[in-house]
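What follows is a short report on a single structure.
All residue numbers refer to positions in the sequence shown, counting from 1.
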Amino acid sequence: MKQKILTFDGRSMGEKSVDAPGRLRWVCWTRTGATALLVGDGGTVLEYADGGFARSDSKTTENLRGAEFSPSGERAFACGNSGLVLSLNGGAWELVKEDIRENLRRVAWDPSGKRALFVGNNGAAYICAGPSFEIVHGADTHLRSIAWHPRDGYALVAGNCFRDSVGGLSPSPNLFKFEDGSLQDVSTLAESRADLTAASWRPDGSSCLLTGFDQTWHTPALFSYGAEGLREIPWGNENIFPTACAWHPSGEYALIGTSAMTDDEGETAIYKFDGKSLTILAKLGGLGVSCIAWSRDGLAFVMAS
C-alpha cells in the first residue's frame, strides 16, 4: 500500500511515496538530521536515510502514535495503543514490558538525554530514567503533546479540556508543566475551552506555540506560552482543527497543519506562522496532518493522510 509523505524545504512543497501497510502517524529526526524514523498503524516502523526508506521489524501489530530519538541518536523510543512501548537500541527493536493499559500518544526526551516522558489517554504519564518507569501524577484528561524547554529542564504537556466524570464530562486544565516529578496546572478553567493537540518551543526557548480547537464552537485555537504566561493568538472562525505544529530550526517561522472533523467542515491546509500572523502555505484538500518534524538542515516531513 502506497503512503504519501509531504515535504517542505523552505521554498516549496513536495511529496514522497513509500510502501507501508497502514497510515503513517508520526516522524522524528536525529539531531544530526541524517536519519528519520516514521511510525504508524499496524506496528509500522520505517527508517529514512540517504534518500530512501527501509522497513524495520517492530515485533508488534499495535498502532504506533509517537516516536523520538535520544539527543545522541543512539537510542529511540516508540509508543502506541494498549500502553505499548518499544525501544530501539543497537539496531533492533525490543518490547518494553510495562503494566501500562492506556493508549500512549507521545514520547519526548529531555535535552540532556537522561530521561524520556510518555503521555497518553486518561492522564497517563510516565517518566523513564534508566531501566524503570515511574508514574507521573497530576492529570486525568487525555494528554496529546509534549514539548521540553530547550534549556530550563521542564516540559509542557498539552491535552484535552474535559475529563470523564460521573454523569458526563467535567472541565479540566488542558496545559501542564512537568517539573519536580509531577504535572502542575498551567491553564485555568476559563482558558480551557480548547483541546490542545500539539506544542513546539521556539528554538531559543522564548515561547512555546500551542495549537488546538475550541470544543464549543469548533474553531481553531492558537496560543503562545512564555514569560507572560498563556496568551491567545487570534485565528478566525473556520471549522478547521490545528493538529500539528513545529518551529523551523532557525526560529523564523513555524508550520501548522490542520485536519477536518468531517468532510464538510473546511478545507485542510498547511499554514506558516511568523510569530505574529498566519498565511496559507498549501491547501491539502482532504488530507489531515498528524505530525510535522524538521531536520537540522531545514527539511520538514509532514505526516498527512
Side-chain angles (χ1 to χ4, degrees), residues 2-20 24-40 43-59 64-80 85-94 96 106-118 128 145-151 198-205 244-255 257 270 289-304:
K2 290 291 186 182
Q3 301 293 332
K4 184 186 296 184
I5 300 164
L6 304 181
T7 64
F8 181 66
D9 61 4
R11 298 178 301 277
S12 60
M13 297 291 299
E15 64 178 60
K16 296 180 180 292
S17 182
V18 60
D19 287 315
L24 296 172
R25 294 180 179 268
W26 199 257
V27 58
C28 61
W29 292 88
T30 58
R31 296 295 172 91
T32 63
T35 303
L37 194 63
L38 301 87
V39 300
T44 301
V45 175
L46 300 172
E47 183 177 313
Y48 173 81
D50 300 322
F53 296 89
R55 189 173 177 187
S56 298
D57 181 9
S58 66
K59 302 181 176 63
L64 298 172
R65 295 179 175 273
E68 186 161 283
F69 283 103
S70 65
S72 68
E74 296 178 355
R75 190 179 183 190
F77 278 127
C79 64
V85 177
L86 299 176
S87 174
L88 176 63
N89 200 356
W93 287 98
E94 297 179 355
V96 178
R106 299 289 179 267
V107 55
W109 292 82
D110 79 342
S112 73
K114 296 180 179 179
R115 53 186 180 162
L117 181 63
F118 296 79
C128 175
S145 188
I146 306 167
W148 285 95
H149 191 281
R151 297 182 306 276
S200 176
W201 279 100
R202 209 165 192 162
D204 64 4
C245 67
W247 280 100
H248 187 274
S250 68
E252 294 178 1
Y253 63 91
L255 295 186
I270 297 288
V289 179
S290 59
C291 178
I292 302 170
W294 290 98
S295 73
R296 184 190 66 175
D297 298 330
L299 175 65
F301 273 5
V302 180
M303 300 295 98

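Contact between Ala293 and Trp29 at its shortest, heavy atoms only, is O-NE1, 3.2 Å. In terms of heavy-atom proximity, His248 sits nearest to Gly298 at NE2-CA, 4.0 Å. Residue Pro111 comes nearest to Pro150 through the heavy atom pair CG-O, 3.7 Å, listed as atom of the first residue, atom of the second, then distance. Trp109 approaches Ala116 most closely through the heavy-atom pair CD2-CB, 4.0 Å. The heavy-atom pair separating Cys79 from Phe118 by the smallest distance is CB-CD2, 4.0 Å. Taking each heavy atom of Ile292 and Ala246 in turn, the nearest pair found is O-CB, 3.5 Å.
With rounding to the nearest 0.5 Å, the separation of CD in Glu252 from CZ in Arg202 is 9.0 Å. Taking OG of Ser200 as the reference point, atom CD1 of Ile146 lies at 13.5 Å (rounded to 0.5 Å). To the nearest 0.5 Å, atoms CD (Glu74) and CG (Leu88) are separated by 11.5 Å. Here the CG-CD distance, from Leu37 to Glu68, works out to 10.5 Å after rounding to the nearest 0.5 Å.
With sequence neighbours excluded, no residue forms a ring pair (Phe, Tyr, Trp, His ring centres under 6.0 Å) with Trp247. Remark: Arg151 pairs with no residue by the salt bridge (charged side-chain N to carboxylate O under 4.0 Å, His left out) rule, at least two apart or across chains. A search for ring pair (Phe, Tyr, Trp, His ring centres under 6.0 Å) contacts involving Trp93 returns nothing, not counting sequence neighbours. Legend: residues meeting salt bridge (charged side-chain N to carboxylate O under 4.0 Å, His left out) with Asp9, ordered by chain and number and at least two apart, are Arg11. By the side-chain contact (heavy atoms from CB on, under 4.5 Å) test, Ser87 pairs with Arg75, Phe77, Asn89, Val96, sequence neighbours left out. Every residue two or more places apart in sequence or in another chain was checked for a salt bridge (charged side-chain N to carboxylate O under 4.0 Å, His left out) with Asp57, and none qualifies. Applying the side-chain contact (heavy atoms from CB on, under 4.5 Å) rule to Ala147 yields the partners Ala199, Trp201, Cys208; only residues at least two apart in sequence or on another chain are considered. Not a single salt bridge (charged side-chain N to carboxylate O under 4.0 Å, His left out) links Lys114 to another residue, sequence neighbours left out. Remark: Ala198 engages Thr211, Cys245 in a side-chain contact (heavy atoms from CB on, under 4.5 Å) (not counting sequence neighbours). With sequence neighbours excluded, the residues satisfying side-chain hydrogen bond (donor to acceptor under 3.5 Å, both in side chains) with Ser70 are Ser72.
Taking the side chain as every heavy atom from C-beta outward, Lys4 and Leu6 approach each other to under 4.5 Å. Leu86 is listed as a side-chain neighbour of Leu64, based on a closest heavy-atom distance under 4.5 Å.
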Go through it in stages, so that I can follow the logic: the residues are Leu255 and Phe8, the test is side chain to side chain contact (heavy atoms under 4.5 Å, CB included), and I'd like the CA-CA distance, side-chain angles, deciding distance and then a yes or no. CA-CA 10 Å; Leu255 295 186; Phe8 181 66; 3.9 Å; yes
Evaluation steps, side chain to side chain contact (heavy atoms under 4.5 Å, CB included), between Leu38 and Ile5: CA-CA 10 Å; Leu38 301 87; Ile5 300 164; 3.5 Å; yes
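Judged as a side-chain hydrogen bond (donor to acceptor under 3.5 Å, both in side chains), not a single pair has a partner in residues 293-302 (not counting sequence neighbours).
Between the side chain of His149 and the backbone N or O of Gly205 there is at least one donor-acceptor pair closer than 3.5 Å. In this structure, Thr35 contributes its side chain and Thr30 its backbone to no donor-acceptor pair below 3.5 Å.
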Under 3.5 Å, side-chain donor or acceptor atoms of residues 43-56 against the rest of the protein: list the pairs with distances, not counting sequence neighbours.
| unit_1 | atom_1 | unit_2 | atom_2 | d |
| --- | --- | --- | --- | --- |
| Thr44 | OG1 | Asp41 | O | 2.7 |

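When each of Val289, Val27, Thr7 is paired with Val302, the side chain to side chain contact (heavy atoms under 4.5 Å, CB included) condition holds for Val289 and for no other.
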